[in-house]
Structures are given as C-alpha cells and as structure tokens.
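Side-chain atoms are counted along with the backbone in the values below, which use heavy atoms only and exclude waters and symmetry mates.
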Amino acid sequence: MTSFWRLFLSVIIALSFICLTPSAHSSPILITQITAGDLLELGVDKMRGGNYQQAIENFNQAIELKKDFAVAYSDRALADLQLEDYHQAMSDDKPLRVYADCTQARNFAPDNFEAYLNRGVALYRQGDIQLPLLIIIERRRSPS
C-alpha cells in the first residue's frame, strides 16, 4: 500500500507542475530595437570605465546605424586619442582616422567644439604645432 500512495502523490505533484507552469507561448516577448543613441551611451559608459577599444566598437556600430551622427564620430576620435592611436592609418594620401572623424563631426555639426579640440590634440600629438592654431582660427572664422 505504501508504493500505491507514493505513486499517487507523484502523479498529483507532476500534474500540479504541469498545470501551474505557464506555457512558453502565453507571455509575449518584447523585442526592442537598439538605436544609435543607445550604442553611443554604451560607448560613453565603456570610455568612462577605461575600456576604449570596446567604446570604439560601440561608436562604430552607432555610426553604421546613423551615418551623420556627429557625436559618435567625435567620441570615437576621443577614444582613439585616449588609446594614443592617433598614428593609425598614417600615410601621405590618407588622413588619420582621428582627424577624419573630427572633420566628419565638424561637417555634420559645425558647432561641435569637441571636434575642433580633438582634431587639434591629434595634430599636436603628431608633432604638428602650427596646424592646431590654424584650426582654432578656422573655428573662430566659421559661422555659428
């Protein structure tokens, strides 16, 4: 008789689990789209934590989603500067990515002072002392 009650209780417990467990199809799954702004925020958080390479990857993804995202270009340049990666892609006919990013940021948002600052810092760190001054003069002359 003991085995009968064990079997009976086992069946009751199994049925209660089956009935009380929600079906996988009963609750809807919310799918949220990650925006360029979300990726920018992730990148900024990574930069604050000192993970500049991961921040650059987040900025790259933000730029892929929104090609005219001036802040992402400017922040990617800043992350490259923090890595001291301003010599990247250096050749006679290719501009530096930092310089190119700052130029893009300036083109998309002419009032983005960080783009001018970062571009000047990149050139200064390359050893070009006069060109950063020209950039400051250029910024003062450009319409606001």
Side-chain angles (χ1 to χ4, degrees), residues 5-144:
W5 286 109
R6 283 187 184 168
L7 179 63
F8 180 73
L9 286 174
S10 298
V11 170
I12 297 292
I13 291 172
L15 287 175
S16 66
F17 277 126
I18 291 172
C19 294
L20 296 177
T21 305
S23 172
H25 300 289
S26 66
S27 60
I29 298 174
L30 297 176
I31 299 175
T32 57
Q33 184 108 10
I34 295 178
T35 65
D38 295 335
L39 290 166
L40 177 76
E41 287 182 35
L42 285 172
V44 169
D45 287 342
K46 296 293 182 183
M47 238 181 9
R48 285 183 183 145
N51 190 348
Y52 301 111
Q53 195 58 49
Q54 184 63 45
I56 290 169
E57 290 175 25
N58 289 132
F59 298 139
N60 288 341
Q61 293 170 344
I63 291 168
E64 283 179 29
L65 290 177
K66 187 176 177 186
K67 298 291 184 199
D68 63 344
F69 203 3
V71 177
Y73 283 104
S74 183
D75 285 353
R76 182 171 72 179
L78 182 60
D80 275 333
L81 285 171
Q82 294 298 326
L83 284 174
E84 296 187 358
D85 205 7
Y86 38 85
H87 291 289
Q88 179 184 356
M90 181 68 171
S91 71
D92 294 339
D93 55 292
K94 262 191 193 178
L96 298 170
R97 184 169 83 181
V98 172
Y99 186 83
D101 282 351
C102 292
T103 301
Q104 281 291 79
R106 187 196 63 178
N107 290 340
F108 293 132
D111 292 334
N112 185 347
F113 72 92
E114 286 183 11
Y116 290 93
L117 177 66
N118 292 339
R119 190 165 67 159
V121 169
L123 292 170
Y124 178 77
R125 286 185 180 176
Q126 277 183 270
D128 192 340
I129 297 172
Q130 292 177 346
L131 199 52
L133 294 175
L134 294 175
I135 290 171
I136 293 170
I137 293 168
E138 171 191 355
R139 171 62 184 119
R140 294 183 133 209
R141 289 184 182 166
S142 68
S144 298

### Message
Minimum heavy-atom separation for Ala105 and Ala115, please, with both atom names.
### Response
CB-CB, 3.7 Å

### Query
Could you give the distance from CG (Leu40) to CG (Leu65), rounded to the nearest 0.5 Å?
11.5 Å

### Query
Are Leu42 and Gln54 close enough, and set up right, to give a side chain to side chain contact (heavy atoms under 4.5 Å, CB included), and what steps lead you there?
CA-CA 9 Å; Leu42 285 172; Gln54 184 63 45; over 6 Å; no

### Message
Any side-chain to backbone donor/acceptor pair from Asp38 onto Thr35? Under 3.5 Å, distance only.
### Response
yes

## Note on the structure
Of all heavy-atom pairs linking Asn112 and Ala70, the shortest is ND2-O, 4.0 Å

### Message
Filter on ring pair (Phe, Tyr, Trp, His ring centres under 6.0 Å), then keep only pairs touching residues 43-77, sequence neighbours left out; what's left?
### Response
Tyr73-Phe108

### Summary
When rounded to the nearest 0.5 Å, the distance separating NZ of Lys46 from CD of Glu57 is 10.0 Å

### Message
Could you check whether Asn60 and Arg76, counting side-chain N and O atoms only, form a donor-acceptor pair closer than 3.5 Å?
### Response
yes

### Message
Can you give me the closest heavy-atom contact between Ala79 and Met47, atom names plus distance?
### Response
CB-SD, 3.6 Å

### Message
As a test of understanding, state which of Asn58, Asp80, Val44 forms a side chain to side chain contact (heavy atoms under 4.5 Å, CB included) with Asp75.
### Response
Val44

### Message
Show the nearest heavy-atom pair for residues Glu114 and Ser74, with the distance to one decimal.
### Response
CB-OG, 3.6 Å

### Task
In sequence, state the C-alpha distance, the side-chain angles, and the governing distance for Leu83 and Ile56, and then conclude on side chain to side chain contact (heavy atoms under 4.5 Å, CB included).
CA-CA 10 Å; Leu83 284 174; Ile56 290 169; 3.5 Å; yes

### Task
Applying side chain to side chain contact (heavy atoms under 4.5 Å, CB included) between Leu39 and each of Glu64, Lys66, Gln61, report the one that passes.
Gln61

